[in-house]
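Some notes on the structure that comes next.
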Protein chains: 2
Amino acid sequence: MQPRAHVTLEDVARAADVSLATASRALNGMRVTPQLRDRVLAAAEKLAYTPNAHARALAGASDRTVGVICHDVTDPYFAAIAGGVMRVAGDNDLLVMLASTFRDPEREIAYVSMLRAERAPAILLIGSGFEDARWERALEAELKPYLDGGGRVAVVSRHRSLKVDSVLPENKAGAAAMARALLDLGHRRFAVLSGPRALTTVADRLGGFREELARAGVALDPADIVEGPFTRDGGYGAMSELLSRGSAATCVFALTDVMAIGACAALRDQGLSVPDDISVAGFDDIPIVRDLTPALTTVALPLQRLGEKAMELALTENNGRRRRLLRMGGEVVLRGSTAKVGS
Amino acid sequence: MQPRAHVTLEDVARAADVSLATASRALNGMRVTPQLRDRVLAAAEKLAYTPNAHARALAGASDRTVGVICHDVTDPYFAAIAGGVMRVAGDNDLLVMLASTFRDPEREIAYVSMLRAERAPAILLIGSGFEDARWERALEAELKPYLDGGGRVAVVSRHRSLKVDSVLPENKAGAAAMARALLDLGHRRFAVLSGPRALTTVADRLGGFREELARAGVALDPADIVEGPFTRDGGYGAMSELLSRGSAATCVFALTDVMAIGACAALRDQGLSVPDDISVAGFDDIPIVRDLTPALTTVALPLQRLGEKAMELALTENNGRRRRLLRMGGEVVLRGSTAKVGS
DNA sequence: CTGAAAGCGCTTACAG
DNA sequence: CTGAAAGCGCTTACAG
């Protein structure tokens, strides 16, 4: 009961009057005479003993803590994916260590490094990578030795990242499908609220949208593309900017639902009605958007499953040495935020 | 480059042709001849060396990973608080290990136990406790030895929990203030969408609301109190139940914004208008509610600051041995979801 | 089944 | 400043 030192296995062994080895075995459920076992368990209970996970890990016991690195847990998109990861982790009796980089590439590398140091059995990287060769090399320099050391890595939403298992939402196809759906509603003049160009997801979604429009003979005026952070306020700001430019677009496509939410707020603040004055569409289908008024038209991604699949990939041994790639399609869901427009 | 074994300090020391001690010192930025230092750093770089955090922790180096346990990261309420925690943690160069119990008391204890085993320097418990004596004892049995061992603990939103530092949103006062505000709008017949009785937050908010109404001579009909899970769907279900009971309430108070969102959805689905047919108020002021249509009337809690303060408490030594208690007030924010009603 | 001992990979007094 | 050595708290062959 000394208010300082930690109770160790040795204390337990001494109290139970057995050897260290026996104490260890009893606590770990290995074969031990019931009588000794009871004595050990009783002593441990009495002393409120908790094994030192570090010593245990050092001594070779396997670790049960996987690391998950995402851009921002407070973003519903990542929260939903993380929820999926945790579901599967929980089923497998794994503790999840969730970290947020707040979109700082440096910090992502720092986290991977810390997780490596912790000898986490698996690391999940959730969210778009950055178009930055230097960063890519640095990340690879961390991941490579980790993988060589037997670490498992799975990523969500990033391509080309090493030869690791990955879950890839079909951003490009989804954006293209959205373009088609909006064209079908009769829209011909579009604006896009985009995120930072450095994110690969931005390139994919913007590219898919633009190309599909082009296929229909509709061009996207560069002045109708406004860039902002991938946040609610980023969407608000981008929409405001667009309005101040006096865009003639009848429909705005925000590259994420979160931005779309900000855009709707900006429109509302300007006294404009969605979808009567202008249609708004998003991407992701985060849970909240169906509860908005009007509900948001979007490309629905199976967010929770994205996380579940990533965790499953990291958990299952990859026998063939090739990286596994799971593509998960998105589906356009038309809701109240987009209106038909007479041509 | 063997694709199995981990590179250890010894490998680095050998490659740099120095002793283990020197290699350790060089890597940790302690005084070492520049020449040797460079050799060590170069060797470490070349071998992609990462120190084993477990060995380091065992050997006495301090750990930089704090644990945060909340009910559900996918809930915007906890996400916002976690965001605050992470902000302060980041400023202090700490890694945050975020865990979700999904409101399972057993799991909370399991997480504390794991964190104890990890010798995390601090553990933060975020979210209402449960009214369950057995659980309380079990939790205390985990926390006590952890505290005695020098661990730091801070909690958000739970009272009576041991003698640990805590941040307490004024749930009771906030709910009372909300009652007053709604009475001022002219409402006299209320309904409450409540969460599980076992959560202390429920008792506080419900109690504060009810007592303030009573003070004004307004009684809360037990039939007008519907209980459901603290989730969007829980709010949806509870509201549906209330409607099916044919309640005559002119105003519904949901104990959390998340439930209020579900309630609004249920009303919408029934073709009822908020606030024309019925007023709805929530509690928490999670970020999204100001973007709803109508925006939600609620008790605004400084969510991010709740997290920041908790982390700060855990980080600053408590010299006086008494537990510190930070009360943080909530403020009623009237928005579009509540209407005046002619008396 | 049980115990003595080696070893996991570091850090840090303790000598030099 | 540098090195040899002890020690952190476990687990696990290895003998008995």
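Quick caveat, the model's predicted, so the values are computed rather than measured. Sequence lines set the chain letters: A, B, ... in the order given, protein chains first and strands last, and positions in each chain run from 1.
Note: CE (B/Met30) to P (C/dT12) measures 6 Å, nearest angstrom. Residue A/His54 contributes atom NE2, which lies 13 Å from atom C1' of C/dG9 at whole-angstrom precision. One atom, CZ of A/Arg31, and another, P of C/dG3, lie 17 Å apart when rounded to the nearest Å. As rounded to whole Å, 18 Å separates atom P of C/dG9 from atom CZ of A/Arg56. Atom C1' of nucleotide D/dG7 and atom CD of A/Glu10 are separated by 12 Å, given to the nearest angstrom. Following rounding to the nearest Å, B/Glu118 (CD) and D/dG9 (P) show an atom-to-atom distance of 16 Å. Summarising the geometry, the separation between CG on B/Leu9 and C1' on C/dT12 is reported as 13 Å, rounded to the nearest angstrom. Atoms CZ (B/Arg39) and C1' (D/dC1) sit 14 Å apart, rounded to a whole Å.
Separating the C1' atom of D/dG16 from that of D/dT12 is a span of 16 Å, rounded to the nearest Å.
Comparing A/Leu20 and A/Leu36 by the nucleotide of DNA chain C whose heavy atom lies nearest to each, the residue mapping closer to the 5' end is A/Leu36.
Using Watson-Crick or G-U wobble geometry with both donor-acceptor distances under 3.5 Å, C/dA4 finds no partner in any strand shown. As the counterpart of D/dA13, no nucleotide is assigned, since no Watson-Crick or G-U wobble pattern has both distances under 3.5 Å.
The only member of A/Arg158, A/Arg323, A/Lys309 that meets side-chain hydrogen bond (donor to acceptor under 3.5 Å, both in side chains) when paired with A/Ser166 is A/Arg323.
If you check C/dA4, C/dT11, C/dT2 against the side chain of A/Ala21, the one that comes closest is C/dA4. For A/Thr8, counting side-chain heavy atoms from C-beta on, the closest listed nucleotide (D/dG9, D/dG3, C/dC10) is D/dG9. Closest contact between the side chain of A/Arg25 and the listed nucleotides C/dT2, C/dA13, D/dC8 involves C/dT2. For B/Ser19, counting side-chain heavy atoms from C-beta on, the closest listed nucleotide (C/dG9, D/dT12, D/dG3) is D/dG3. Of the candidate nucleotides D/dT12, C/dT2, D/dG9, D/dT12 has the atom nearest to the side chain of A/Ser24. Checking D/dT2, D/dT12, C/dG9 against every side-chain atom of B/Leu58, the shortest atom distance belongs to C/dG9. If you check C/dC10, C/dG3, D/dT11 against the side chain of A/Thr22, the one that comes closest is C/dG3.
Contact annotation: B/Asn52 does not reach the phosphate of C/dC8 (side-chain N/O to OP1 or OP2, under 4.0 Å).
At a threshold of 4.0 Å, the pair A/Asp11-A/Lys46 does not count as salt-bridged, since none of the basic side-chain nitrogens sits closer than that to a carboxylate oxygen.
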Starting from the C-alpha separation in whole Å, work towards a yes-or-no answer on ring-ring contact (aromatic ring centres under 6.0 Å, His included) for B/Phe78 and B/His71. CA-CA 7 Å; B/Phe78 293 107; B/His71 290 185; 5.2 Å; yes
Determine whether B/Asn28 and B/Arg56 satisfy the following criterion, side chain to side chain donor-acceptor pair (under 3.5 Å), listing intermediate values before the conclusion. CA-CA 11 Å; B/Asn28 287 308; B/Arg56 195 174 235 174; 3.0 Å; yes
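Scanning atom types as modelled, no donor and acceptor separated by under 3.5 angstrom connect the side chain of A/Arg119 and the base of C/dG9.
When all heavy atoms are compared, the tightest approach of A/Arg116 to A/Pro145 is NH2-CB, 3.5 Å.
Note on ring orientation: taking the six-membered ring where Trp is involved, the planes of A/Trp135 and A/Phe130 are perpendicular (angle over 60°, cut-offs 30° and 60°).
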